Amino acid sequence: MTGNPLPETPIVMTIAGSDSGGGAGIAADLKTFAAFGVHGTCAITSVTAQNTTGVLKTFDLAPEAVASQIEAVCTDMNIKWVKSGMLASSEIVKEVAKQVKKHRLSLVIDPVMAAEAGGDLLRKEALSVLIEELLPLCKVTTPNASEAGAIAGIPVNTHEDAKLAARKIADLGVESVIVTGGHLDATDLLYESASGIFTRVPGTFVRGGTHGSGCTYSAAMTACLACEDSLETAARKAKEFVVQAIQRSVPVGRGAGPVNPLGKTLEEKERYLALKFVKEAVLILTDSPEFAKLIPEVGCNIGMAISGARNYEDIAAVEGRIVKYRERANPVGCVDFGTDRHVARVIFAALRENPGIRAAMNVKYSEEVLAACREMGLGLSSFDRAEEPEGVSTLDWGTSEAIKEYGGVPEVIYDEGGVGKEPVVRLLGPDASELAKLAVELARRIK
Ligand SMILES: Cc1ncc(COP(=O)(O)OP(=O)(O)O)c(N)n1
Ligand SMILES: Cc1nc(C(=O)O)sc1CCOP(=O)(O)O
């Protein structure tokens with residue numbers, strides 16, 4: 001075969017502790033590496049018994065165990081960029097310095113000292129070893145304000161303090177310093193010692209869900225640098241990445257919620273699948289000559305939600321509905337997110353009861369359609385528009401009423417209409433393409 005070879009996947013490493021709660025340390029780092037599409041490897045320095053409320057115990061590994069892990073990976077794989085996180089003890093810091101020199105690694109240091117929720121992660125006496133032996137070997141270090149203050153020996157409460165601290169840290173022999181701004185405001189400060197230039201990297205301040213954000217930020221920097229981004233580009237991408245990972249934090253545990261580095265990747269996959277299922281459904285409906293007779297006067301739509309859907313933008317459906325034209329079903333517009341309201345309300349009411357029911361569509365009401373549904377063994381429930389209280393959304397209220405009456409989400413929810421309101425039958429199920437097949441089968445059973 002000829003043609004260009006695929007670009008090599010960069011291989012990176014994290015030298016850090018494990019967090020049993022899955023929020024920080026190597027868990028955050030490896031998820032972040034995966035989200036950036038680089039191959040992540042790890043050398044564990046310490047096993048922490050940790051959760052969202054803090055660090056309960058730490059079990060530091062012997063320096064030889066850390067060295068062995070680095071050796072195993074570096075003698076087998078082509079590694080350039082590595083990051084360090086929790087280094088725990090002077091002995092481990094010294095060993096990591098030895099390995100960085102031996103394997104000529106480009107190092108990003110996240111100078112982890114303590115966990116946000118409480119618990120020391122670097123012994124007091126190890127700080128001077130970190131300052132004297134490891135920091136001079138690194139390309140970039142990413143302290144937060146309090147870590148920058150501890151290294152520089154000054155309190156860091158303002159941007160001017162952060163600038164002074166960054167210069168002092170650079171004077172230790174560090175090429176670039178990024179004082180991350182989560183504790184001051186949302187702005188990070190990047191200092192490049194060769195040029196003496198400061199660059200501000202602004203971000204969005206997000207409250208809560210920040211456990212593991214420092215680890216995620218430095219892992220994102222490492223991944224971007226391994227992909228040959230410039231320092232400033234890497235700093236901007238890492239900032240953007242950490243903000244969206246905090247925004248997607250999942251509420252686990254009773255304390256500081258962990259960041260969710262893979263949240264966006266999974267959401268993108270969900271969006272791809274929802275679009276795919278609805279597009280398949282539209283093809284099934286438009287390819288079937290029988291289906292046209294099930295299209296109501298108001299038109300029909302079919303929609304599917306991504307998992308964890310929160311608003312209309314999380315539901316894919318047909319823009320402008322599906323209408324009957326020349327005795328065939330025709331989509332008016334494209335399948336896209338945020339295009340539908342009615343079917344979306346039905347889906348949201350169903351999701352509240354059963355998160356597995358993600359798709360709905362409406363079809364023409366008739367006694368014959370209801371009889372065919374019963375014949376097919378589908379579960380039916382209904383609501384009466386005459387009983388609708390004032391100030392509610394009909395479909396939100398009506399679907400919930402029908403679900404309550406049925407004791408779960410039925411496959412079919414209908415209403416018999418009202419003054420100026422066409423009666424409608426709605427089909428509900430886990431995915432849009434199966435619903436479309438069901439609708440075609442229903443159409444075949446009626447005249
Ligand atoms: C094992 C381990 N390593 C590092 C940290 C600190 O992580 P960080 O990203 O700074 O987040 P917080 O813990 O401060 O929320 C850790 N906790 N555990
Ligand atoms: C008009 C209508 N009524 C429905 C019902 O369930 O009562 S479903 C439906 C079609 C979907 O409409 P849109 O794409 O404008 O949200």
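Read the numbers this way: they start at 1 and go in the same order the structure lists the ligands and their atoms. Computed from a prediction, not measured in an experiment: that's the story for all the values here.
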Student: Please report which non-hydrogen protein atom sits nearest to atom 18 (N) of ligand 1, along with the residue it belongs to and the distance in Å to one decimal place.
Tutor: Q50 NE2, 3.1 Å

Student: Taking distance alone, with N or O pairs closer than 3.5 Å, would you say V55 contacts ligand 1?
Tutor: no

Student: Numbering the atoms of ligand 1 from 1, which are under 4.0 Å from a heavy atom of G214?
Tutor: 8 (P), 9 (O)

Student: Can you tell me the protein heavy atom closest to atom 11 (O) of ligand 1 and the distance?
Tutor: G212 N, 3.1 Å

Student: Which residue and non-hydrogen atom of the protein lie closest to atom 7 (O) of ligand 1, and at what distance in Å?
Tutor: C215 SG, 3.2 Å

Student: Just jot down the ligand 1 atoms closer than 4.0 angstrom to any heavy atom of V112, in number order.
Tutor: 4 (C)

Student: State, without any angle test, whether D336 and T339 hold a side-chain donor-acceptor pair at a distance under 3.5 Å.
Tutor: no

Student: Establish, for the pair R426 and Y414, whether the NZ or CZ atom is under 6.0 angstrom from the six-membered ring centre and no further than 45 degrees off its axis.
Tutor: no

Student: If you apply the rule side chain to side chain contact (heavy atoms under 4.5 Å, CB included), what do you find for K239 with T180, and how did you get there?
Tutor: CA-CA 9 Å; K239 180 78 179 171; T180 59; 5.9 Å; no

Student: What residue and heavy atom of the protein are closest to atom 14 (O) of ligand 1, and at what distance?
Tutor: E116 N, 2.8 Å

Student: Does the side chain of Y365 reach to within under 4.5 Å of the side chain of L370, using non-hydrogen atoms?
Tutor: yes

Student: Write none if no such pair exists; otherwise list each N/O atom of ligand 2 with its protein N/O partner under 3.5 Å and the distance.
Tutor:
residue	atom	partner	partner atom	Å
ligand 2	6 (O)	R426	NE	2.6
ligand 2	6 (O)	R426	NH2	3.4
ligand 2	7 (O)	R426	NH2	2.8
ligand 2	12 (O)	R321	NE	3.1
ligand 2	12 (O)	H342	ND1	3.2
ligand 2	14 (O)	N301	ND2	2.9
ligand 2	14 (O)	D340	OD2	2.8
ligand 2	15 (O)	R321	NE	3.0
ligand 2	15 (O)	R321	NH2	2.8
ligand 2	15 (O)	H342	ND1	3.3
ligand 2	16 (O)	D340	OD2	2.7
ligand 2	16 (O)	R341	N	2.8
ligand 2	16 (O)	H342	N	2.7
ligand 2	16 (O)	H342	ND1	3.0

Student: For T210 and E116, run side chain to side chain donor-acceptor pair (under 3.5 Å): C-alpha distance rounded to whole Å, both residues' side-chain angles, the deciding distance at 0.1 Å, then the answer.
Tutor: CA-CA 9 Å; T210 54; E116 178 191 335; 3.0 Å; yes

Student: Would L121 count as a polar contact of ligand 1, with the cut-off being nitrogen or oxygen pairs under 3.5 Å?
Tutor: no

Student: Provide the number and element of each atom of ligand 1 under 4.0 Å from a heavy atom of G17.
Tutor: 1 (C)

Student: Cut-off 3.5 Å, side chains only: do S218 and K83 have a donor facing an acceptor?
Tutor: yes

Student: Side chain to side chain donor-acceptor pair (under 3.5 Å), that's the test. Do E388 and T394 meet it? Break it down for me.
Tutor: CA-CA 7 Å; E388 180 182 323; T394 307; 3.0 Å; yes

Student: Any ion pair linking D340 and R321 (charged N to carboxylate O, less than 4.0 Å)?
Tutor: no

Student: Can you list the atoms of ligand 1 that are under 4.0 Å from a heavy atom of S213?
Tutor: 9 (O)

Student: Return yes if some donor-acceptor pair links the side-chain N/O of T45 with the main-chain N/O of M86 below 3.5 Å, else return no.
Tutor: yes

Student: Starting from atom 13 (O) of ligand 1, locate the nearest protein heavy atom and write down its residue, its atom name and how far away it is, to 0.1 Å.
Tutor: H211 ND1, 3.2 Å

Student: Salt bridge or not between K237 and E240? Use side-chain N to carboxylate O under 4.0 Å.
Tutor: no

Student: Which atoms of ligand 1 sit under 4.0 Å from any heavy atom of S18?
Tutor: 1 (C)

Student: Is a side-chain donor or acceptor of E434 paired with a backbone partner of D431 at a separation under 3.5 angstrom?
Tutor: no

Student: Hey, does the side chain of T52 reach the backbone of G253 with a donor-acceptor pair shorter than 3.5 angstrom?
Tutor: no

Student: With atoms numbered from 1 as shown, which atoms in ligand 1 lie under 4.0 angstrom from a non-hydrogen atom of A24?
Tutor: 5 (C), 7 (O), 16 (C), 17 (N), 18 (N)

